[in-house]
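Worksheet: one structure, shown below.
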2 protein chains.
Amino acid sequence: MSLSHALLTALAEHACSGSELAARFDRSIGYFWPATHQQIYRELAVLEKEGWVESLPPESGRGRKRVYRVLPAGLEELRRWVAAPRDPRPIRDEMMVVLRAEAVVGPTDLAASIEGRLERHREKLDLYRRIEARDFAGAMPSREQRLRHLVLRTGIASELLWIDLCQSAIALLKQADEEPTEGAGGGNGPPAAAPRSAPS
Amino acid sequence: MSLSHALLTALAEHACSGSELAARFDRSIGYFWPATHQQIYRELAVLEKEGWVESLPPESGRGRKRVYRVLPAGLEELRRWVAAPRDPRPIRDEMMVVLRAEAVVGPTDLAASIEGRLERHREKLDLYRRIEARDFAGAMPSREQRLRHLVLRTGIASELLWIDLCQSAIALLKQADEEPTEGAGGGNGPPAAAPRSAPS
DNA sequence: ACAACCATGTAAGTAGTTACATGATTTA
DNA sequence: TAAATCATGTAACTACTTACATGGTTGT
């Protein structure tokens, strides 16, 4: 499970409390593995039971910051997990399903809803680029810095990919709206080519 | 929820049974929204209760194919869903977490495990390209064909992106292994640059 | 008629989301 | 000292996964 190991990583970078972890996630690892504070508190309890972290408890049992620190066993587990073989997660994106659906029930005003999503991707791209300029502007000496930069660059590339998809989709949908029936020789367009053998 | 609408889409393309849906998912929509047969059967029951599909029941209650067909209300729902506004799903990929973790606890032999993943992405890319050659080789007259091609091309671009990440990561990790300590002026490398203000 | 397989389904568990609760600290 | 906020947590729910079960069909 990734959340637990994302937490171990963050705590290894430096020890902190649950709420601080949640805040750090919101502007760092959370870009690529989001987590709410509820998840984080639950998972911290599990990590502690596993003996991977310890908490320096405050005076009372509740309402006060409880700082967590990684134990040697936790670092060991993290090292094991890093080198373990793993398969890629399949893509699972609504956009892909929506486009297929629109191909069947369209035309609709899908283009408008994609515009919104496009804007969201542009904001994310902008954010990543500002982080890149801030943290990775100069020479990149350390191994750690280079690895973190690679993660960020992949995030940037991913946003560019989705921006490209959104733009292509919008163009395609609008074009189809404007010329609902058309073709070189007129008529109502070729009849969906030859009956293919169940295309993908 | 996407699965229900992916099923509606598939059934709108043409009516079929649960097991046939599962098979079609394995070589089509399932590339971008995977689903097991258990999920599919459960969801079909829900769709039927909603009045979005109907099933032509076989003679006995069990053990025989039960063909599902979309009802007008189902098509209506699908049309509504397509145009509804939606946010992009955040990226959530273990790879990103693993690279951050390796930056903290490394060096490990992460490169070896990434090689495996790289191979998986190459296979997927190859598959998509074969599908593209098979289904989208000639002119692309129909709106439906163009939308489906766009989905596939995005899948291809996505695999290329991950292949690039895997290769960059492997190169970076190996390079760091070979020259664990080095620099223009020697020593054990610059001490992680200046203490920045908590880089991303 | 028996084995192998196919189609449908149940059950239990994991991960993540959303809504709400409570005690402590800070601020007006 | 009351209100607002912070830190920690509980509860209920949804989506997905994994393992298993059962009745029907097909092939030998």
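As a basis for the values below, the full set of heavy atoms in this structure was taken, side chains included, without hydrogen atoms, waters or symmetry mates. Letters A, B, ... are given to chains in the order of the sequence lines, protein chains preceding strands, and every chain is numbered from 1.
- Between dT8(C) and S19(B), a contact under 4.0 Å exists linking OP1 or OP2 to a side-chain N or O.
- Below 30°, between 30° and 60°, or above 60°: for H5(B) and W52(B) the angle between ring planes is between 30° and 60°, a tilted geometry.
- Which of dT18(C), dT8(D), dG16(C) sits closest to the side chain of W33(A) comes down to dG16(C).
- Straight-line distance from the NZ atom of K65(A) to the P atom of dT26(C): 10 Å, rounded to whole Å.
- Electrostatic pairing of R80(B) and E76(B) does not count as a salt bridge here, judged by no charged N lying under 4.0 Å from a carboxylate O.
- S55(A) and R69(A) form no side-chain donor-acceptor contact under 3.5 Å, judged by distance and modelled atom types alone.
- Between F32(B) and Y128(B), the two ring planes are tilted [angle within 30° to 60°].
- For the pair E13(A) and R24(A), the salt-bridge criterion is met [side-chain N within less than 4.0 Å of a carboxylate O].
- In this structure, CZ of R66(B) is placed 16 Å from C1' of dC6(C), rounded to the nearest angstrom.
- Figure legend: R86(A) and W81(A) shown as a cation-pi pair, the cationic atom lying under 6.0 angstrom from the six-membered ring centre and within 45 degrees of its axis.
- Salt-bridge annotation for K174(B) and E115(B): present, with a side-chain N of the basic residue lying under 4.0 Å from a carboxylate O of the acidic one.
- Put simply, NZ on K49(B) is 15 Å from C1' on dG9(C), counting in whole angstrom units.
- The stretch residues 37-46 of chain A touches DNA chain C through Q38(A), Q39(A), R42(A), each having a heavy atom under 4.0 angstrom from the strand.
- DNA chain D is contacted by no residue of residues 86-97 of chain B, taking any non-hydrogen atom closer than 4.0 Å.
- Side-chain N/O atoms of Q38(B) and T36(B) include a donor and acceptor closer than 3.5 Å.
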